[in-house]
2 protein chains.
Amino acid sequence: MLSIGKLSAATGVKVPTIRYYEQISLLPEPKRSGGNQRFYDHKALERLRFIRHSRELGFSLEAIRDLLSLSDNPDQPCAAADAIARAQLAEVESRLARLMALKTELQRMVVQCAGDTISDCRVIEVLSDHAHCLTDHLVGDDALPLAGGSQPLPADAL
Amino acid sequence: MLSIGKLSAATGVKVPTIRYYEQISLLPEPKRSGGNQRFYDHKALERLRFIRHSRELGFSLEAIRDLLSLSDNPDQPCAAADAIARAQLAEVESRLARLMALKTELQRMVVQCAGDTISDCRVIEVLSDHAHCLTDHLVGDDALPLAGGSQPLPADAL
DNA sequence: CTTGAAGCTCTAGTTGCTAGAGCAGTTATG
DNA sequence: CATAACTGCTCTAGCAACTAGAGCTTCAAG
């Protein structure tokens, strides 16, 4: 039996995050000891490790919720898990492609800057006008939804 | 003079987003016409284009705020703008490295899945145990702050 | 002159946490 | 046994960068 602090240390997930996961029902409510303190068993430890590892791989909490419910029913076919993983892979690949275009553009911008005054700074100039760019580092398809529907990858899992 | 709708069409930035930028003082308050409607001049158009392009390149609104104030003072040295751009480049490069590790791991996961039941699904198995992974797709340095201090790149600019 | 699109303000929701206030319970030391 | 220091508890509010919706007003076209 682990206190929440020990569980945190054992998994690398911060204490408030564990309570947050409980709040959104990603973790079940654990037993409480006399003075209302949470105590966790081995199953909870495993589940939290699963969550953490999935987060590291960029899965959203919603995807993880699905993956967990799949892993709770081991007799079902694994096609669903496979589909979630494939979707995540596709997501990562498309982000990779975009990031590589960004990197190219940023590099050009930085390299060309001669270090003079702002008035002839390449950085500012390039930012002012997309025509200076080589690639189409645009976001969407045609309406260019700058920030849009999904935000599957956690900002820090990149 | 452009209405907010025309400005939106001309820049690809959604109407509510324009109002949001005004609210956080990234755009100045525009003139209003008789019935309280916003009207924008050419300067506002340029400024919004600058913002949009910077967002496409992954700069945070805070970084853009700095870049804008730099571009408003063209006599100053451009070292500051250069530094912001270099920081952004470094950020993008580190995200790229992480994303590539993720991609490798996800690919391995997906390829190995034989399509049987969950009980012997590689996807679930790998997620359960980081030891299955080749790379250290871990986030932090030692404390592994799963999600942490900075979130410079907007989730959708990836 | 009427209709429908576009504009207005305001509040609240999204994701995945984090930070802080203000307590109560637990553990280590004197 | 007392006390300090730590860990835990609940609750609310905040972060980025928007998005969605309610409920209202104004404008342009036919």
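We name chains A, B, ... by the order of the sequence lines, and we start the count at 1 in each one.
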Picking from [options], which would you name as closest to the side chain of [X]?
| X | options | answer |
| --- | --- | --- |
| Y21(A) | dC9(D), dC27(D), dC17(C) | dC17(C) |
| L61(B) | dT19(D), dC18(D), dC8(C) | dC18(D) |
| R55(A) | dG7(C), dA17(D), dC17(C) | dC17(C) |

Toward the 5' end of DNA chain C, which comes first, Y20(A) or Q37(A), by nearest nucleotide?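 This one resolves to Y20(A).
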
5'-most by nearest nucleotide on DNA chain C - G5(B) or Q23(B):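 The answer here is G5(B).
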
Start at the 5' end of DNA chain D and walk down; is the nucleotide closest to E62(B) or to G35(B) reached first?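 It is E62(B) whose nearest nucleotide is closer to the 5' end.
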
Whole angstrom value for the distance that separates [atom2] of [N] from [atom1] of [X]:
| X | N | atom1 | atom2 | answer |
| --- | --- | --- | --- | --- |
| R32(B) | dT25(D) | CZ | P | 16 Å |
| N36(A) | dC23(C) | CG | P | 17 Å |
| I51(B) | dA16(D) | CD1 | P | 16 Å |
| F59(A) | dG16(C) | CZ | C1' | 17 Å |
| Y40(B) | dC8(C) | OH | P | 7 Å |
| I24(B) | dC18(D) | CD1 | P | 8 Å |
| M1(B) | dA28(D) | CE | C1' | 19 Å |
| I4(A) | dG25(C) | CD1 | C1' | 15 Å |

Between the main-chain N or O of [Y] and the side-chain N or O of [X], is there a donor-acceptor pair closer than 3.5 Å?
| X | Y | result |
| --- | --- | --- |
| T117(A) | Q76(B) | no |
| H53(A) | V126(B) | yes |
| D82(A) | A85(A) | no |
| E125(B) | D120(B) | no |

Base, sugar-phosphate alone, or nothing: which one does R19(A) contact when heavy atoms must sit under 4.0 Å apart?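 The answer is base, as R19(A) lies within the cut-off (heavy atoms under 4.0 Å) of a base atom.
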
Tell me, do I84(A) and L70(A) make a side-chain contact under 4.5 Å, heavy atoms counted?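 SC-SC contact between I84(A) and L70(A) confirmed.
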
Side-chain N or O of [X] less than 4.0 angstrom from OP1 or OP2 on [N]?
| X | N | answer |
| --- | --- | --- |
| K14(A) | dT18(C) | yes |
| R38(B) | dG7(C) | no |
| R52(B) | dA17(D) | no |
| T17(A) | dT18(C) | yes |
| S3(A) | dT7(D) | no |

